[in-house]
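Each remark here refers to the structure printed beneath this line.
Counting begins at 1 with the first residue of the sequence.
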Amino acid sequence: MTDPQPSVAEPEYKDRTYRSTGGIAGGVLLLALGGWLGIDAMIRGEGRTPWLALAGLLLAVPLVVAFTLRPAVYANDDRLRIRNPFRTITLPWASVSGLRSGYSNEVFTQSGTKYQLWAIPVSLRGRKKAARRKSQGAAAGDPSVGGPGLRSSLRPGQPAPVRAASDQIMDDLRDLSEQRAGAESAQGEPKVRWGYEILAPAVAGAVLLAVLLAIG
């Protein structure tokens, strides 16, 4: 009879993924339009036109992907992983000193290094709508429209304070950071990896385009 295998506890939070739906939609539209124009020029163009179209696609497609489809933020019990246009940053929670929301959402490490969260853009329009709902709720005597510090004092089942979507995400990440920073599995140093799969074709396209323009 074999010994029972020890059970492995599931993490309290599996990977949460945050992406910009507006950025993804815009990226798909740009890729479709650029692909249609570029392929048409490659097929029907004369002289250097097909080569210029090829170089343009090699340069433009990776950049569009980098700034629209690629950005994502992944968070779990142990670390925050940020996939920005040209870099992927992995931050164990112990290495995070704070998260800040201003005109952009940013995370700071213990050493003071700042990284922007491209996948969680700030929506000033969303903040204005949230502020309007907050003022309307306050006028109606709704206690759930207080500041973020009120969340911990809410009764079970009581709705959270009115917040813009991106600000609420940042609040959740702050809570997770504070809760998990002291965990043994959340220790470690930040790691940064460059996105060569984006940089290489973009550089190749830029070089080809420069050569074609130089030789006239």
Side-chain angles (χ1 to χ4, degrees), residues 15-42 49-76 79-91 95-96 98-109 112-130 163-174 176-177 190-213:
D15 264 4
R16 300 177 179 183
T17 303
Y18 304 98
R19 306 186 73 177
S20 170
T21 53
I24 293 174
V28 170
L29 181 62
L30 287 174
L31 289 175
L33 180 61
W36 174 55
L37 294 175
I39 293 174
D40 182 71
M42 291 172 62
T49 300
W51 287 101
L52 288 171
L54 175 61
L57 286 176
L58 279 175
L59 174 61
V61 169
L63 294 180
V64 171
V65 170
F67 286 98
T68 60
L69 305 183
R70 176 179 164 84
V73 171
Y74 305 92
N76 64 18
R79 51 99 182 107
L80 179 69
R81 184 159 63 94
I82 307 161
R83 196 171 68 190
N84 280 345
F86 302 116
R87 295 185 297 178
T88 298
I89 304 102
T90 301
L91 301 174
S95 69
V96 174
L99 293 104
R100 184 177 69 185
S101 297
Y103 290 105
S104 64
N105 289 316
E106 301 160 339
V107 58
F108 292 84
T109 67
T113 306
K114 177 179 70 176
Y115 299 105
Q116 185 174 341
L117 306 181
W118 281 80
I120 310 177
V122 169
S123 172
L124 298 180
R125 181 181 179 184
R127 284 180 176 173
K128 289 180 180 178
K129 290 175 63 176
R163 300 279 283 163
S166 62
D167 292 337
Q168 182 61 58
I169 291 172
M170 294 297 287
D171 287 343
D172 293 341
L173 292 177
R174 288 189 195 97
L176 189 54
S177 174
K191 296 180 181 178
V192 178
R193 184 185 71 83
W194 287 93
Y196 295 108
E197 66 277 11
I198 295 291
L199 294 171
V203 170
V207 171
L208 178 59
L209 186 61
V211 170
L212 290 172
L213 295 176

request  = Please report the shortest heavy-atom distance between Pro62 and Ala202, naming the atom on each side.
outcome  = CG-N, 3.9 Å

Pairing residues for Phe86 by the ring pair (Phe, Tyr, Trp, His ring centres under 6.0 Å) criterion, not counting sequence neighbours = Phe67

inquiry  = Using a 3.5 Å distance criterion without hydrogens, assess whether the side chain of Asp167 forms a donor-acceptor pair with backbone atoms of Ser101.
reply    = no

task = Could I get the full list of side chain to side chain contact (heavy atoms under 4.5 Å, CB included) partners for Arg100, not counting sequence neighbours?
result = Glu106, Phe108, Lys114

inquiry  = Looking at every heavy atom in both Leu99 and Ser177, which two are closest together, and how far apart are they?
reply    = CD1-CB, 4.3 Å

query = What are the two closest heavy atoms between Pro71 and Val65, and how far apart are they?
reply = CD-O, 4.2 Å

note = All heavy atoms of Ala119 vs all of Tyr18, minimum pair found to be CB-O, 3.4 Å

query = Any side-chain heavy atom of Leu208 sitting closer than 4.5 Å to one from Leu59?
reply = no

request  = With the side chain counted from C-beta on, respond yes when Thr68 and Ile24 share a heavy-atom pair under 4.5 Å apart, and no when they do not.
outcome  = no

task = Taking Arg81 for its side chain and Thr88 for its backbone only, find out whether a donor-acceptor pair lies under 3.5 Å.
result = no

message = Any donor-acceptor pair under 3.5 Å linking the side-chain atoms of Thr17 with those of Arg83?
response = no

key: Note, Asn84 side chain near Trp118 side chain (heavy atom, < 4.5 Å)   = yes

task = Check Gly27 against Val64 and note the closest heavy-atom contact, atom names and distance.
result = O-CG1, 3.9 Å

Val61: which of Ile198, Leu31, Leu30 passes side-chain contact (heavy atoms from CB on, under 4.5 Å) = Leu31

Value rounded to 0.5 Å, distance of CG in Leu54 from CG in Leu209 = 10.5 Å

key: Contact list for residues 56-71, test salt bridge (Lys or Arg N to Asp or Glu O under 4.0 Å), sequence neighbours left out   = Arg70-Glu197

Side-chain heavy-atom pair Pro190, Thr113 within 4.5 angstrom cut-off = no

key: Any side-chain heavy-atom pair of Leu173 and Val96 under 4.5 Å   = no

task = Starting at CD1 of Ile169, measure out to CG of Leu117 and round the result to the nearest 0.5 Å.
result = 10.0 Å

ask   = Taking C-beta and beyond as the side chain, do Asp172 and Leu176 meet within less than 4.5 Å on heavy atoms?
value = no

note = Heavy-atom nearest pair, Leu212 first then Ala55, reads CD1-CB, 4.2 Å

ask   = Under 4.5 Å between any side-chain heavy atoms of Ile89 and Leu80, yes or no?
value = no

